[in-house]
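What you see below is based on every heavy atom in this structure, not just the backbone, and it leaves out hydrogens, waters and symmetry mates. Proteins get letters first, then strands, A, B, ... in listed order; numbering begins at 1 in each.
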Amino acid sequence: MEKPLLSVRNLTIDIPVGGGTLHAVRGIDFDLNRGETLCIVGESGSGKSLTSLAVMGLLGKTIRRTADRMDFDGTDLTRANPRTMRKLRGARMSMIFQEPMTSLNPAYTIGDQLTEALLLHKPVGREAARARAVELLEKVGITAAESRLSQYPHQLSGGLRQRVMIAMALMCEPELIIADEPTTALDVTIQAQILRLLYDLGREMNMAMILITHDLGVVARVADKVAVMYAGELVETGPAADVFNTPSHPYTRGLLRCIPLPGKTERGSTLGTIPGIVPSLVGDIEGCAFRTRCPYAEAACRSEIPRQGSAGHAFRCIHEDGKRQAEEATA
Amino acid sequence: MLTFILKRLGLAVLVAFTVSFISFSLLFLAGDPAAALAGETASGEDIESLRKLYGFDRPMLVQYGDWLFSAIQGDFGESYYFRLPVASLIAERLSVTMTLGVCGISFALLTAVPLGVAAAIRPNSIIDRVALFLSVAGQAMPSFWFGLILIVIFAIQLGWLPPSGASSPVHFIMPTIVLGYYAMPAIMRLTRAGMLDVLSSDYIRTARAKGAPEGRVLFRHALRNAIIPVVSLAAVQMGFMLGGSIVVESIFALHGAGYLAWESIARNDLPTVQALILVFSMFYIVFTFLADVLNAWLDPRMRSS
Ligand SMILES: Nc1ncnc2c1ncn2[C@@H]1O[C@H](COP(=O)(O)OP(=O)(O)OP(=O)(O)O)[C@@H](O)[C@H]1O
Ligand SMILES: [Mg+2]
């Protein structure tokens with residue numbers, strides 16, 4: 001089997017807050033192969049953004065990150081010095097952020113900002129960098145690309161800015177691209193379009209992609225692997241088809257009930273919601289974090305939660321197959 | 001950019017005219033100019049003849065037009081006290097004031113901006129505290145007191161620097177520090193606040209995500225945006241320094257324009273006061289205009305508004 005491009009083991013992220021420590025991410029594992037798309041899903045606050053920032057080495061100074069292993073193509077990211085990280089960022093791994101309106105520097109032209117990463121990392125001249133920028137702007141579907149280079153961010157619409165952000169992330173043809181809810185700030189009508197574009201470009205350049213999104217419809221279409229996060233833990237991971245067809249963790253099933261899926265949701269059936277609230281992340285959580293909202297919770301859920309399933313498709317629950325078959329039988 | 005500059009220039013000219021009218025009117029607000037000119041012991045007849053001689057009996061607007069026309073040509077009339085052309089009087093004093101102002105603002109900027117940046121990079125660190133201390137001290141300490149302390153230490157005790165006068169560059173060292181230190185706290189705090197704000201912004205994260213080295217992130221991406229409000233503040237401070245350096249000029253016996261203004265007010269020397277007010281206001285207008293242009297260059301969003 002090929003060695004994964006990115007391999008993360010027991011990643012933990014702690015944030016000191018007034019009156020304690022917020023355990024935002026609690027020991028998560030995942031692997032990502034070259035050219036593969038991993039979708040991370042989960043409710044707001046489950047630690048998706050922090051996980052991606054941790055991989056990029058972009059967490060704030062006050063945030064503590066530990067991991068048994070964080071391996072990017074042979075480089076140990078847990079031990080990498082700032083210089084090494086800087087050489088990886090923008091060149092071999094890049095990130096597209098949630099906020100296109102504020103993620104571009106208002107003082108510089110689109111051209112300056114697009115070419116920056118390329119000029120920093122590769123021995124190319126200004127002209128070549130600009131040519132590459134034009135090429136990518138055209139690829140992301142921006143018309144009159146040449147003339148956009150001299151425009152400033154405030155002269156572009158949100159959709160255009162996000163396209164620019166995508167082009168910017170692709171400038172050095174990174175091996176890994178992390179897109180953190182790249183379309184939430186945009187008009188619904190162009191959300192799907194942008195995601196499609198991003199996905200196609202990823203395929204074309206054989207990039208590995210971590211896509212964070214709330215849109216399970218998108219996940220169903222593009223993901224090779226899915227990771228479901230809940231309160232800082234990965235409650236279920238596996239190949240997309242497996243997770244969608246045999247969702248083992250009760251939370252995953254809850255999420256899937258919240259969205260209509262083509263071919264899966266019957267016309268006229270009601271969409272579910274998951275009642276209850278996420279436990280506080282400050283301090284330790286005893287046992288399963290989801291037990292306060294889980295319909296199958298019992299006393300044993302307060303104890304240590306085993307990891308079940310295969311190495312490929314794993315979930316954390318005390319119940320065998322997470323009560324999936326029992327649930328399907330009653331449905 | 002060009003249309004922006006032209007617009008601002010037009011505005012500046014408009015403001016300049018308004019200001020010139022106001023400073024002209026001061027002559028009349030201050031009482032009967034003929035009486036002031038004639039002195040306290042003069043008879044009514046003397047005052048009347050002076051009124052005719054100086055043209056104070058004409059309609060105000062005519063007088064204004066006349067005055068403005070001469071002023072544009074550099075003729076501000078004659079000082080009541082010195083009996084010399086006001087223009088040459090001011091020109092002579094202005095070089096001292098300008099030197100002091102330019103040195104003062106440069107000193108303030110060169111200390112405040114690096115300190116503000118350093119404090120913002122490491123909030124609550126030693127350097128942040130030092131910066132805060134310096135700024136509070138600068139705010140609390142009256143200029144005259146600080147000036148005197150410097151004179152006592154460096155001129156009297158150590159004998160390193162001359163205590164007063166303006167005959168050589170060395171004479172400007174202490175006045176520069178006193179004047180600059182006065183402007184420093186505000187500039188420093190604005191730089192620090194601006195940098196803190198910008199450093200937590202999304203586009204700084206983007207710059208880091210591109211793998212930009214820290215120095216490039218701080219100066220090219222952050223400072224460029226954080227400095228924008230500082231430019232406007234520095235322009236106002238600079239204008240203030242030119243007009244308001246009276247205290248510093250008096251302590252160090254630098255006979256500059258600020259000192260002249262103070263003297264002339266005391267002597268009721270209206271043409272000089274009038275001309276000085278006009279000149280100081282023009283400086284404000286010019287600096288504000290330059291700051292606007294500089295800001296537009298720094299911030300493309302301003303160019304289109
Ligand atoms: N700098 C910070 N200081 C304190 N708490 C933080 C900080 N950053 C994140 N958190 C907290 O950590 C938790 C996880 O945050 P994260 O941004 O990773 O969530 P997310 O899964 O990306 O959510 P969303 O879908 O809303 O983007 C949240 O509870 C959040 O409030
Ligand atoms: Mg997020």
Side-chain angles (χ1 to χ4, degrees), chain A residues 49 52-53 55-62 82-110 112-122 150-155 161 164-165 168-169 171-172 174 177-180 185, chain B residues 1-4 117-128 191 194-232 292-305:
Chain A
S49 296
S52 49
L53 290 172
V55 172
M56 292 289 289
L58 288 174
L59 291 172
K61 281 182 208 140
T62 54
R83 204 179 130 81
T84 313
M85 282 312 294
R86 222 167 49 224
K87 290 203 160 153
L88 289 178
R89 278 202 295 265
R92 299 187 57 199
M93 52 165 83
S94 61
M95 185 154 175
I96 300 165
F97 297 99
Q98 212 163 341
E99 307 84 7
M101 301 313 281
T102 49
S103 291
L104 288 165
N105 192 324
Y108 295 100
T109 60
I110 300 302
D112 279 344
Q113 299 187 61
L114 272 170
T115 52
E116 184 171 15
L118 196 58
L119 292 171
L120 278 169
H121 295 291
K122 303 265 159 87
S150 55
Q151 287 192 312
Y152 289 92
H154 73 274
Q155 295 167 308
R161 284 190 222 183
V164 169
M165 291 296 295
M168 209 158 84
M171 281 298 282
C172 295
I177 187 154
I178 304 178
D180 183 0
Chain B
M1 184 82 181
L2 193 68
T3 46
F4 172 86
V117 170
I121 295 173
R122 298 198 189 291
N124 300 321
S125 64
I126 295 284
I127 186 118
D128 191 14
T191 308
M195 276 301 273
L196 273 178
D197 190 43
V198 170
L199 281 175
S200 64
S201 67
D202 291 333
Y203 58 82
I204 293 302
R205 192 180 55 186
T206 305
R208 293 210 167 101
K210 283 185 201 171
E214 203 51 26
R216 190 179 169 91
V217 171
L218 285 179
F219 294 103
R220 200 180 139 83
H221 286 279
L223 187 59
R224 161 98 183 230
N225 285 290
I227 206 77
I228 291 167
V230 176
V231 171
S232 312
D292 281 349
V293 172
L294 186 56
N295 269 344
W297 177 73
L298 287 169
D299 184 358
R301 283 167 299 186
M302 250 179 254
R303 283 171 224 166
S304 44
S305 65

>> Please give me the minimum heavy-atom distance between B:Ala209 and A:Leu58, naming the atom from each residue.
In response: CB-CD1, 3.8 Å

>> Is A:Leu53 in contact with chain B via its backbone, its side chain, both, or neither, using a 4.5 Å heavy-atom distance?
In response: side chain

> How close do B:Phe219 and B:Val117 get, heavy atom to heavy atom, and via which atoms?
Replying inline: CE2-CG1, 4.4 Å

> Non-hydrogen atoms of chain B under 4.5 Å away: do they reach the side chain of A:Met85, the backbone, both or neither?
Replying inline: neither

> What part of A:Met171 lies closer than 4.5 angstrom to a heavy atom of chain B: side chain, backbone, both or neither?
Replying inline: neither

> What pair of heavy atoms forms the shortest contact from A:Leu120 to B:Ala212, and how long is it?
Replying inline: CD1-CA, 3.6 Å

Pairs table: donor-acceptor atoms between chain B and chain A closer than 3.5 Å:
| residue | atom | partner | partner atom | Å |
| --- | --- | --- | --- | --- |
| B:Ile121 | O | A:Lys61 | NZ | 3.4 |
| B:Asp202 | OD2 | A:Thr102 | OG1 | 2.4 |
| B:Tyr203 | N | A:Thr102 | O | 3.3 |
| B:Arg205 | NH2 | A:Glu99 | OE1 | 2.9 |
| B:Thr206 | OG1 | A:Ser103 | O | 2.7 |
| B:Arg208 | O | A:Arg89 | NE | 2.8 |
| B:Ala209 | O | A:Gly90 | N | 3.1 |
| B:Lys210 | O | A:His121 | NE2 | 2.7 |
| B:Lys210 | NZ | A:Gln113 | O | 2.8 |
| B:Lys210 | NZ | A:Glu116 | OE1 | 2.9 |
| B:Arg216 | NE | A:Glu116 | OE2 | 2.7 |
| B:Arg216 | NH2 | A:Glu116 | OE2 | 3.2 |
| B:Arg220 | O | A:Tyr108 | OH | 2.6 |
| B:His221 | O | A:Asn105 | ND2 | 3.3 |
| B:His221 | ND1 | A:Asn105 | ND2 | 3.1 |
| B:His221 | NE2 | A:Glu116 | OE1 | 3.1 |
| B:His221 | NE2 | A:Glu116 | OE2 | 2.7 |
| B:Asn225 | ND2 | A:Asn105 | OD1 | 2.8 |
| B:Arg303 | NH1 | A:Tyr152 | OH | 3.4 |

> What distance separates B:Ile227 CD1 from B:Leu298 CG, expressed to the nearest 0.5 Å?
Replying inline: 8.0 Å

>> Tell me the closest heavy-atom pair linking B:Leu196 and B:Pro123, and the distance in Å.
In response: CD2-CG, 4.0 Å

> Looking at A:Ala107, A:Ala169, A:Ala117, A:Pro174, which has the largest count of heavy-atom pairs under 4.5 Å with chain B?
Replying inline: A:Ala107

> B:Met302 and B:Ile228: which non-hydrogen atoms are nearest, and at how many Å?
Replying inline: CE-CG2, 3.6 Å

> Which heavy atom in B:Ala120 sits nearest to a heavy atom in B:Leu199, and how many Å separate them?
Replying inline: O-CD1, 4.3 Å

>> Quick check for you: to the nearest 0.5 Å, what is the distance between A:Ile177 atom CD1 and A:Met93 atom CE?
In response: 12.0 Å

>> Between A:Gly57, A:Pro106, A:Cys172, who has the most heavy-atom pairs with chain B when the cutoff is under 4.5 Å?
In response: A:Pro106

